[in-house]
Asks: 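First the structure, which I've put down as structure tokens, then a few questions once you've had a look.
Chain letters run A, B, ... following the sequence lines, proteins first, then strands; residues in each count from 1.
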Protein chains: 2
Amino acid sequence: MSGSGTTQRLGGENLLFLTEEQLRQGIEAMFFAYRGFTADPDRILADLAYGRAHHRAIHFINRAPGTTVTNLLDILGVTKQSLNRVLRTLIADGLVESRIGTLDKRERHLYLTDDGRELEGRLSDAQRARLRAAFREAGPEAVAGFRQVLEAMMDPEMRRAHAKLRDGRT
Amino acid sequence: MSGSGTTQRLGGENLLFLTEEQLRQGIEAMFFAYRGFTADPDRILADLAYGRAHHRAIHFINRAPGTTVTNLLDILGVTKQSLNRVLRTLIADGLVESRIGTLDKRERHLYLTDDGRELEGRLSDAQRARLRAAFREAGPEAVAGFRQVLEAMMDPEMRRAHAKLRDGRT
DNA sequence: TTGGAGTGTCAACAAGGCTGACGTATGATC
DNA sequence: GATCATACGTCAGCCTTGTTGACACTCCAA
């Protein structure tokens with residue numbers, strides 16, 4: 001695994017981009033970039049006594065309105081107790097609405113209220129502005145590569161969840 | 001590449017990759033990919049009663065041996081109280097060594113011990129394996145784009161910190 | 001009628017952020 | 001030599017957000 005020559009070759013293909021050093025730099029790039037990625041929404045949320053957990057819930061409820069709690073649980077990858085605490089405050093503050101299912105009345109379907117949509121807009125405007133600047137600076141080919149690598153980095157279930165959100169509503 | 005009916009055009013450049021929908025997908029890709037990115041080390045750390053904070057400290061001490069506490073503080077972007085809590089346990093557990101500076105005796109220089117290097121290796125092996133698979137799957141051009149976009153996404157200071165680590169030790 | 005699924009809630013706890021305050025060396029400066 | 005600034009450590013307390021475990025309720029299906 002670790003330690004071979006300086007240039008790794010396999011089947012005549014140049015794999016210089018797979019050196020330990022390149023991978024380390026990739027790891028650090030992910031770390032620093034994720035910090036930037038969350039910095040802008042974090043600033044907005046801090047003023048509202050909300051955290052990233054609230055942002056994530058709002059984002060995915062907006063993305064898939066009417067989603068059930070269990071579905072959201074799967075996407076977010078936390079326990080229902082954690083999600084419930086966040087959801088409770090969002091509902092109490094009038095940002096999220098929880099409607100009992102019509103087909104299956106055990107289910108709760110989640111929707112953003114007008115206030116919720118307003119906050120979602122503010123948060124994602126900030127985040128999109130940064131991403132837009134980064135995308136514009138890097139160019140279309142780089143963006144395609146960026147998305148390819150991220151996709152490949154996900155766990156299979158997450159890849160499915162991501163694809164579902166992507167294709168579900170064009 | 002260029003020209004179709006529904007494309008957005010600005011100054012003759014095709015900006016289809018900058019639509020709201022594309023940006024939203026980029027945001028979600030970052031979210032899901034970061035989860036995958038941290039999943040493997042997280043599993044190892046859970047068994048050791050350590051967390052991501054310990055991982056980050058170990059990573060950057062390994063990356064820049066002899067770094068001072070203040071320097072590490074800048075890279076990690078946390079308070080000294082937070083870092084100190086982590087550092088204290090790592091030193092107590094014999095993974096990190098803190099040496100008083102020779103030039104300036106106020107400074108503490110941080111090094112990994114043999115045990116520390118062993119753990120660092122285990123953690124980064126896991127993380128690199130995932131990244132290597134993703135890089136290999138996506139190919140060199142995609143990886144170049146990936147890194148370009150991440151770089152553009154960072155805050156300027158982080159970009160500098162990242163560049164410093166990158167160029168400091170080739 | 002009974003079992004199970006989906007949901008909500010309570011309690012307790014831990015990691016890891018934060019702020020504020022204080023102490024102690026050491027270095028730099030007047 | 002006295003004074004101020006810097007680097008570091010630490011105590012105390014608070015917050016968010018994650019975790020387990022236990023329990024109750026509603027509804028669907030067998």
Asks: For A:L83 and D:dT19, what is the distance between atoms CG and P respectively, to the nearest whole Å?
Replies: 11 Å

Asks: In whole Å, I'd like the distance from the CG atom of B:D104 to the C1' atom of D:dT6.
Replies: 8 Å

Asks: Using whole Å, what does the distance between atom C1' of nucleotide D:dT10 and atom CG of B:N84 come to?
Replies: 7 Å

Asks: Taking OP1 and OP2 of C:dC18, is either one under 4.0 Å from a side-chain nitrogen or oxygen of B:S82?
Replies: yes

Asks: Between B:S82 and B:V78, is there a donor-acceptor pair closer than 3.5 Å when you use the side chain of the first and the backbone of the second?
Replies: no

Asks: Does A:K80 contact C:dG8 through a side-chain donor or acceptor facing the base, at a distance under 3.5 Å?
Replies: yes

Asks: Can the ring centres of B:F60 and A:F31 be said to be less than 6.0 Å apart?
Replies: yes

Asks: With a 3.5 Å cut-off and heavy atoms only, can you find an N or O donor on one side and an acceptor on the other between the side chain of A:R106 and the base of D:dT26?
Replies: no

Asks: Is any side-chain N or O of A:R52 closer than 4.0 Å to OP1 or OP2 of D:dC15?
Replies: no

Asks: To the nearest Å, how far apart are A:Q81 CD and C:dC10 C1'?
Replies: 10 Å

Asks: Please report whether the ring centroid of B:F146 lies less than 6.0 Å from that of B:F135.
Replies: yes

Asks: Tell me: CZ of B:R85 to P of C:dA15, nearest whole Å?
Replies: 9 Å

Asks: Using whole Å, report how far CG of B:L45 lies from C1' of D:dT19.
Replies: 16 Å

Asks: Flag the pair B:D42 and B:R52 as a salt bridge only when some basic side-chain nitrogen lies within less than 4.0 angstrom of an acidic carboxylate oxygen.
Replies: yes

Asks: Quick one: B:I100 CD1 to C:dT24 C1', roughly how many Å, whole number?
Replies: 12 Å

